[in-house]
Amino acid sequence: MTPRSLADAAADLLANPRPLLFVDTCDVVNLLQVLATVAVNELRAVNRLLSALGANPQRCQLAATYVTAIEYLQKTDAANPVYQKDSQIKRLPPDEMTLQLTEIDAQIRRIHLVRQELGVPLPAPIIYSNLDLVSDLRVTAGMLLDCCWELGRDQHCVDAAITRVFAKMRPSHKREVKDSIHFEHCLELANRLRQNGFAESILFASANKHDYGSKVLHRPHDELQAAFAQVQMLYFERLADAIRYLGI
């Protein structure tokens, strides 16, 4: 990720207007879950996006926040202290995917043993846990993050996030602060752009629909609609749909 202050990010986009897409941590981490719970369409869309940006870096601008960088390591890096602590309670995405592959291999070996006992042996099976799928998906997730700006910490945005926590306002209605810090930085950049006549699309993608979404697909929760509308920012609970909206 490329560190940028809100002021520098706004100046860049105003000087060279292009669509802006805010990416949430969960959407990057989801790339490590396509073997279990996430549709392959998400990976396919991200690959299209990476190809489009490789051909034309000005096709759109991806942005996340310093919170995204921290959270990604906490959810994916086995050497991270938070990862180590959380993994004692539940399996995190890389561990879950490794387990899935191990179970698939065990099931295939069982099928081969049964066929052998029945006198119809099968060719040697592929050992899926040896295919480095986890590593390959990590590379793709890393490439997505590399395309993102990392919006740096702004005290005004952090204060606004803390206000959400105390008021139990979404996305901090459960008193968790990280989502609101991310959200407030995105809102602030969008607000600065709109106040200076920025006319390109601004999209906010987050698969965290429990905190941001409503019962209607790609519609923010009622408590957040005014904030999205004020800066003309669109909400997508699937990153793939946000990428498709951009015509990619």
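In this chain, numbering begins with 1 at the start of the sequence shown.
Side-chain N or O atoms of D24 include none that pairs as donor or acceptor with a backbone N or O of D27 at under 3.5 Å. Checked by atom type and distance alone, the side chain of Q84 pairs as donor or acceptor with a backbone atom of A78 at under 3.5 Å. No side-chain donor-acceptor contact under 3.5 Å links S172 to the backbone of K168. With hydrogens and angles disregarded, a donor-acceptor distance shorter than 3.5 Å links the side chain of R59 to the backbone of L246. Between the side chain of H218 and the backbone N or O of E237 there is at least one donor-acceptor pair closer than 3.5 Å. No donor-acceptor pair closer than 3.5 Å links the side chain of N80 to the backbone N or O of T76.
Taking the six-membered ring where the residue is Trp, the centroids of F236 and Y245 are separated by under 6.0 Å. Two rings, from Y212 and F183, have their centers less than 6.0 Å apart.
K178 and E71 are joined by a salt bridge, as a carboxylate oxygen and a charged side-chain nitrogen come within less than 4.0 angstrom of each other. Ion pairing between a basic and an acidic side chain is recognised when a charged N comes within 4.0 Å of a carboxylate O; D86 and R91 show no such pairing. Salt-bridge check for E184 with R164: passed, with a basic side-chain N closer than 4.0 Å to an acidic carboxylate O.
Placement of L187 and W149 within a single hydrophobic cluster is found when ILVMFWY residues are connected by side-chain heavy-atom separations under 4.5 Å, directly or transitively. Placement of L92 and L73 in two distinct hydrophobic clusters is found when ILVMFWY residues are connected by side-chain heavy-atom separations under 4.5 Å, directly or transitively. L49 and L31 fall within a single hydrophobic cluster, where Ile, Leu, Val, Met, Phe, Trp and Tyr are joined by side-chain heavy atoms under 4.5 Å apart, directly or via other members. Residue V177 is not grouped with residue M169 when hydrophobic side chains (ILVMFWY) are merged at heavy-atom distances under 4.5 angstrom, including chains of intermediate members. L239 and L20 are members of different hydrophobic clusters when ILVMFWY side chains are connected at heavy-atom separations under 4.5 Å.
The CE atom of M97 sits 7.0 Å away from atom CG of L101, with the distance rounded to the nearest 0.5 Å. The CZ atom of R238 sits 8.0 Å away from the NZ atom of K209 when rounded to the nearest 0.5 Å.
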Original post:
When you look at E188 and N191, which way does the side-chain hydrogen bond (donor to acceptor under 3.5 Å, both in side chains) test go after all the steps?
Top reply: CA-CA 5 Å; E188 178 62 22; N191 185 53; 4.5 Å; no
**OP:** Begin from the C-alpha positions of R109 and Q107 and carry the test side-chain hydrogen bond (donor to acceptor under 3.5 Å, both in side chains) through to its verdict.
**Re:** CA-CA 5 Å; R109 281 196 297 270; Q107 291 170 359; over 6 Å; no
**OP:** Would you sort out whether D154 and Y66 count as a side-chain hydrogen bond (donor to acceptor under 3.5 Å, both in side chains), showing the intermediate values?
**Re:** CA-CA 10 Å; D154 178 88; Y66 72 98; over 6 Å; no
**OP:** Apply salt bridge (Lys or Arg N to Asp or Glu O under 4.0 Å) to the pair R18 and D12, showing each step before the final yes or no.
**Re:** CA-CA 10 Å; R18 54 201 184 273; D12 188 314; 2.9 Å; yes
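Side-chain contact between E117 and V114 is absent, with no heavy atoms from C-beta onward closer than 4.5 Å. Under the 4.5 Å side-chain criterion, counting only non-hydrogen atoms from C-beta, Q225 is in contact with R219.
Pairing each heavy atom of A124 with each of H112, the nearest pair is C-CE1, 4.2 Å. Pairing each heavy atom of Y72 with each of L145, the nearest pair is CD2-CD1, 3.5 Å. M233 and A190 get closest at one heavy-atom pair: SD-CB, 4.5 Å. Contact detail for L6 and H185: the closest heavy-atom pair is CD2-O, 3.7 Å.
The aromatic rings of F22 and F204 lie tilted to each other, with the angle between the two planes from 30° to 60°.
Of the options P220, C26, P171, C186, a side-chain contact (heavy atoms from CB on, under 4.5 Å) to S206 is made by C26 and by none of the others.
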